[in-house]
Visitor: 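Attaching a single structure in structure tokens format; questions to follow.
Start at 1 and go down the list; that is how both ligands and their atoms are numbered. Model, not experiment: these values are computed from the prediction.
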Amino acid sequence: MTTRRLLLLLLAVAAIAAFFALDLGRYLSLDALKARQEALRHYAALHPLQSAAIYFGIYTVATALSIPGATVLTLGGGAVFGLWRGLLIVSFASTLGATLAFLAARFLLRDLVMRRFGDRLKAVNQGMERDGAFYLFTLRLVPLFPFFLINLLMGLTTIRTRTFYWVSQLGMLAGTAAYVNAGTQLAQLDSVRGILSPGLLLSFTLLGIFPLVARKAVEAVKARRVYARWPRPRRADYNMVVIGAGSAGLVSAYIAAAVKARVALVERHKMGGDCLNTGCVPSKALIKSARLMSQIARAGDYGLTNAGASVDFAAVMDRVRRVVAAIEPHDSVERYAGLGVDCVAGEARIVSPFAVEVKRHDGSTRLLTTRSIVIAAGARPFVPPIPGLEQVGYLTSDTLWELRTLPDRLLVLGGGPIGCELAQAFARLGSRVTVVEMGERLMAREDAEVSDLVAGRFRDEGIQVLTGHRAERFLLEGGDKLLVASHAGGAMRIAFDVLLCAVGRVANTAGYGLEELGIPVTKARTVETDDYLQTLYPNILAAGDVAGPYQFTHVGAHQAWYAAVNGLFGRFRRFRADYSAIPWATFIEPEVARVGLNEQEAKERGIAHEVTRYDIGDLDRAIADGVAHGWVKVLTVPGKDRILGVTIVGEHAGDLIAEYVLAMKHGLGMNKLLGTIHIYPTLAEANKYAAGNWKRAHAPERLLEWVRRFHAWQRG
Ligand SMILES: Cc1cc2nc3c(=O)[nH]c(=O)nc-3n(C[C@H](O)[C@H](O)[C@H](O)COP(=O)(O)OP(=O)(O)OC[C@H]3O[C@@H](n4cnc5c(N)ncnc54)[C@H](O)[C@@H]3O)c2cc1C
């Protein structure tokens with residue numbers, strides 16, 4: 001705690017202690033007020049301004065310090081100043097005092113609470129940002145909720161001070177008026193309790209929940225208005241139409257069919273989408289060939305001599321195609337038709353919230369009427385508007401797979417996961433690769449130490465890594481392709497033969513009806529959805545890359561469950577998409593896998609954490625396999641074994657992380673991991689050793705000291 005905070009705390013504690021020590025509470029009883037009423041009124045009549053100022057000050061300080069007696073003070077306002085003056089003074093003094101208490105709680109405790117429970121309070125704070133004013137208004141209007149507790153608790157949330165002030169002033173007005181008015185009849189009052197009759201309390205409660213009810217009604221009216229242009233047909237061909245047969249679309253359709261809904265799956269290009277045809281599958285197949293090459297190059301380390309191989313790039317790409325073809329049946333029309341899905345080939349366009357028009361490849365159209373729609377239209381490579389790009393020509397992850405000859409000098413624009421995976425693969429197959437990244441490091445989403453390790457490894461493998469280089473323009477000079485990049489105030493010219501653009505992917509949001517229906521897109525240019533993946537039209541949902549915020553096959557499939565279930569059953573029960581344990585991996589060597597927070601994010605978001613590391617260099621199996629590098633880094637809640645996030649760098653990191661994903665998803669901590677048997681000798685033991693390191697750091701030292709004494713005593 002900082003000195004300023006400590007000082008404020010001491011001051012508040014001293015003031016409250018003085019209140020009790022001096023027994024000032026005796027002035028804040030009904031009897032004391034009654035006894036002094038005449039004298040106080042007389043004084044107020046003689047010194048109207050002075051008395052109001054003193055009363056205002058006392059009231060403000062008492063509420064700011066949360067001292068008991070606010071009710072009697074309020075009655076006193078009515079008794080001494082009358083209804084309207086009393087109401088005016090009390091209303092402002094109580095709001096000011098409440099705001100001071102709120103600010104003090106925020107100043108003293110908010111950081112502490114956020115550090116300790118920040119990740120758990122995320123949902124509360126999101127709710128506060130959305131509905132905070134409504135909640136506060138309700139709490140203020142219903143005098144059953146303790147006044148001081150509301151001030152203190154609200155200080156711990158993210159509600160804005162201005163909002164807190166005006167909502168409090170407005171919300172407390174009715175209750176304040178009732179008490180001030182009662183104060184004007186002080187002589188007839190026997191106790192503070194009887195002031196609010198049950199009827200009045202009920203009225204206040206109803207008044208309190210009115211805004212929330214009104215809001216729900218407004219939402220319902222809004223929803224009706226959104227649909228007003230679009231008459232709902234009495235009958236529909238389908239319960240659900242899914243646009244796009246990538247991972248998100250396939251799984252949505254699968255789930256809909258599994259729960260016996262009639263579902264159509266529209267795909268304009270290839271079943272399986274990006275992942276199967278141009279993404280995960282071909283890239284992993286290519287990476288396998290490249291990795292084999294790099295292992296052969298290291299054969300000497302394993303005592304194997306004369307091991308050599310040369311790359312037949314066309315054959316490598318043929319294998320890539322064979323791999324895609326082998327997986328294709330999993331996503332095929334035949335398989336999905338067998339599951340009960342109507343697969344429709346063609347370009348889909350949403351023409352109303354209840355109808356999708358499909359333009360078949362022969363030019364004919366077909367209208368599919370439906371009760372719900374899942375948009376799973378995916379994303380495409382982003383091509384930056386850099387001068388000269390079109391002249392030099394470029395490949396993206398969409399077109400790369402057509403290559404038949406290995407590029408000699410490959411320039412990879414973009415040092416994110418896709419750029420890194422492909423850069424290393426091509427370098428290992430024999431290309432001279434340069435990676436140009438505008439940011440200061442590769443894979444910027446991961447911790448800096450990961451980026452450093454990857455950059456070091458890339459350089460060792462002969463890849464030229466140019467971070468902090470901004471691509472300015474491309475040139476054709478004497479048949480040579482050149483990139484001019486700016487770096488540290490200067491310009492650098494980089495010659496290349498083939499350019500691969502891997503600077504990110506942008507969601508497909510145009511040209512299929514979103515504009516006509518007025519469905520908004522976010523700043524990140526994805527379809528705007530709520531927590532339930534519903535768009536502006538609750539019966540139109542979105543999943544996968546088109547919805548974001550993650551762009552992974554498994555996240556698309558995960559979201560698909562929510563989209564399908566909320567689309568089919570949302571009017572009865574909706575499920576909020578759960579992003580609490582989202583894992584991912586970058587399949588370079590060493591592999592990098594993550595779930596939950598890393599150190600960089602925890603620091604940025606001010607979330608208190610402890611870091612436990614295990615160095616895979618020490619692991620028996622990793623040593624035996626000649627892959628003794630990398631680490632397991634686990635972030636936990638300070639003093640507890642609850643896992644906040646894990647980064648694993650090393651061989652098969654993407655597989656190893658699964659244990660932590662399970663642990664996080666189901667609330668298992670480091671103790672449970674440590675108590676689980678792991679097969680010896682496996683790489684998976686790294687997870688257990690990380691838990692062991694955590695345990696050692698949290699050993700009960702005092703208890704152990706007693707145990708040591710016990711053993712000494714046993715020895716005699
Ligand atoms: C090189 C590369 C490697 C990757 N590696 C991995 C990896 O290892 N692991 C991982 O998890 N992710 C990886 N990804 C990301 C992954 O491919 C995507 O996150 C995933 O495919 C998204 O699935 P989706 O269903 O949202 O979209 P998509 O798979 O893109 O599917 C969308 C489909 O919708 C169709 N469509 C669009 N508009 C219409 C329309 N109007 N009418 C009809 N059909 C339409 C498209 O033709 C497409 O088939 C990789 C991506 C790339 C590019």
Visitor: Listing request: all side-chain hydrogen bond (donor to acceptor under 3.5 Å, both in side chains) pairs with a residue in residues 548-566, at least two apart in sequence or in separate chains.
Guide: Gln559-Tyr579

Visitor: Give a yes or no on whether Met438 atom CE has more than 12 heavy-atom contacts from other residues, nucleotides or ligands under 6.0 Å away.
Guide: no

Visitor: Dump all N/O pairs between ligand 1 and the protein below 3.5 Å as a table: atom names plus distance, one pair per row.
Guide:
from     : atom 1 : to     : atom 2 : distance (Å)
ligand 1 : 5 (N)  : Lys284 : NZ     : 3.2
ligand 1 : 8 (O)  : Lys284 : NZ     : 2.7
ligand 1 : 11 (O) : Thr553 : N      : 2.9
ligand 1 : 11 (O) : His554 : ND1    : 3.3
ligand 1 : 12 (N) : Thr553 : N      : 3.4
ligand 1 : 17 (O) : Asp274 : OD2    : 3.0
ligand 1 : 19 (O) : Asp545 : OD1    : 2.9
ligand 1 : 19 (O) : Asp545 : OD2    : 3.2
ligand 1 : 19 (O) : Gln551 : O      : 3.4
ligand 1 : 19 (O) : Phe552 : N      : 3.3
ligand 1 : 21 (O) : Cys275 : N      : 3.3
ligand 1 : 23 (O) : Ser247 : OG     : 3.1
ligand 1 : 25 (O) : Ser247 : N      : 3.1
ligand 1 : 25 (O) : Ala248 : N      : 2.9
ligand 1 : 26 (O) : Asp545 : N      : 2.8
ligand 1 : 29 (O) : Asp274 : N      : 2.8
ligand 1 : 41 (N) : Ala348 : O      : 3.1
ligand 1 : 42 (N) : Ala348 : N      : 2.9
ligand 1 : 44 (N) : Arg268 : N      : 3.2
ligand 1 : 47 (O) : Glu267 : OE2    : 2.6
ligand 1 : 49 (O) : Glu267 : OE1    : 2.7
ligand 1 : 49 (O) : Glu267 : OE2    : 3.0

Visitor: Extract all donor-acceptor atom pairs below 3.5 Å that involve side chains of residues 316-329 and protein atoms in other chains or at least two apart in sequence.
Guide:
from   : atom 1 : to     : atom 2 : distance (Å)
Asp318 : OD1    : Arg404 : NH1    : 2.9
Asp318 : OD1    : Arg404 : NH2    : 3.1
Arg319 : NH1    : Ala285 : O      : 3.1

Visitor: Verify the neighbour count for atom CZ of Arg525: are there more than 12 heavy atoms of other residues, nucleotides or ligands below 6.0 Å?
Guide: no

Visitor: Sub-3.5 Å donor-acceptor pair from the side chain of Glu357 to the main-chain atoms of Arg349, do we have one?
Guide: no

Visitor: Who passes disulfide bond (SG atoms under 2.5 Å apart) against Cys275, sequence neighbours left out?
Guide: Cys280

